[in-house]
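Heavy atoms only: backbone and side chains are in, while hydrogens, waters and symmetry mates are out. Order of listing sets the numbers, starting from 1, for every ligand and every atom in it. Just so we're clear, the structure is a prediction, and the values are computed from it rather than from any experiment.
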Amino acid sequence: MRIIVASDHAGLELKNGLAGYIRQLGHDVEDVGTHTSESVDYPTFGERAARELARGVADRAILVCGTGQGIGMAANKVPGVRCAIVSDTYSARMSREHNDANAIALGARVVGEGLAEEIVGTWLSTDFLGGRHERRVRMIDAIDAIDAPTTEG
Ligand code: RB5
């Protein structure tokens, strides 16, 4: 598969390590930054990775910031992106089997490199189960198309 990786400064080191690990697993990696330890804003990189993913440049995206929270929230604003913020292998597996997550966000200040690799390895090798989960995932995607409610009336 083709995998986009992205991080802010807090996630840089883990992101770089994971990029090597993902290549070892036999995947192609596109690193959309950040590339230096200079302080940057995580929404920039969450959005950049998510937009690339949404336009079909890659199959999946793996995002890293300090907690995984901010970069994952930013990615989920882009229609078509379903980003799970995970720090354990069970959630990683279930986010594929039940939710067809096409992105995950990890926190470099939450998980160590060994656990991060297990999470990524599990997530990349787990298939969506489909079946009854298909309709629910389509319902998530349909939310993008619904206008925000107004306070009128
Ligand atoms: C940066 O200090 C930190 O706020 C960021 O990496 C991330 O944890 C935000 O969610």
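At a threshold of 4.0 Å, the pair Glu52-Arg48 does not count as salt-bridged, since none of the basic side-chain nitrogens sits closer than that to a carboxylate oxygen. Salt-bridge check for Asp31 with Lys15: passed, with a basic side-chain N closer than 4.0 Å to an acidic carboxylate O. A salt bridge between Arg2 and Glu30 is present, with a side-chain N of the basic residue lying under 4.0 Å from a carboxylate O of the acidic one.
If you check the side chains of Ser91 and Asp88, you find a donor sitting under 3.5 Å from an acceptor.
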> Run the side-chain contact (heavy atoms from CB on, under 4.5 Å) check on Val5 and Val32 step by step: do they pass?
Replying inline: CA-CA 6 Å; Val5 297; Val32 298; over 6 Å; no

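For the side chain to side chain contact (heavy atoms under 4.5 Å, CB included) test, residues two or more places apart in sequence or in another chain that qualify with Met73 are Gln69.
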What short N/O contacts, under 3.5 Å, does ligand 1 make with the protein, listed by atom pair and distance?
| residue | atom | partner | partner atom | Å |
| --- | --- | --- | --- | --- |
| ligand 1 | 2 (O) | Arg109 | NH1 | 3.4 |
| ligand 1 | 6 (O) | Asp8 | OD2 | 2.6 |
| ligand 1 | 6 (O) | Gly66 | N | 2.7 |
| ligand 1 | 8 (O) | Gly66 | N | 3.3 |
| ligand 1 | 8 (O) | Thr67 | N | 3.0 |
| ligand 1 | 8 (O) | Thr67 | OG1 | 3.2 |
| ligand 1 | 10 (O) | Thr67 | OG1 | 3.2 |
| ligand 1 | 10 (O) | Gly70 | N | 2.9 |

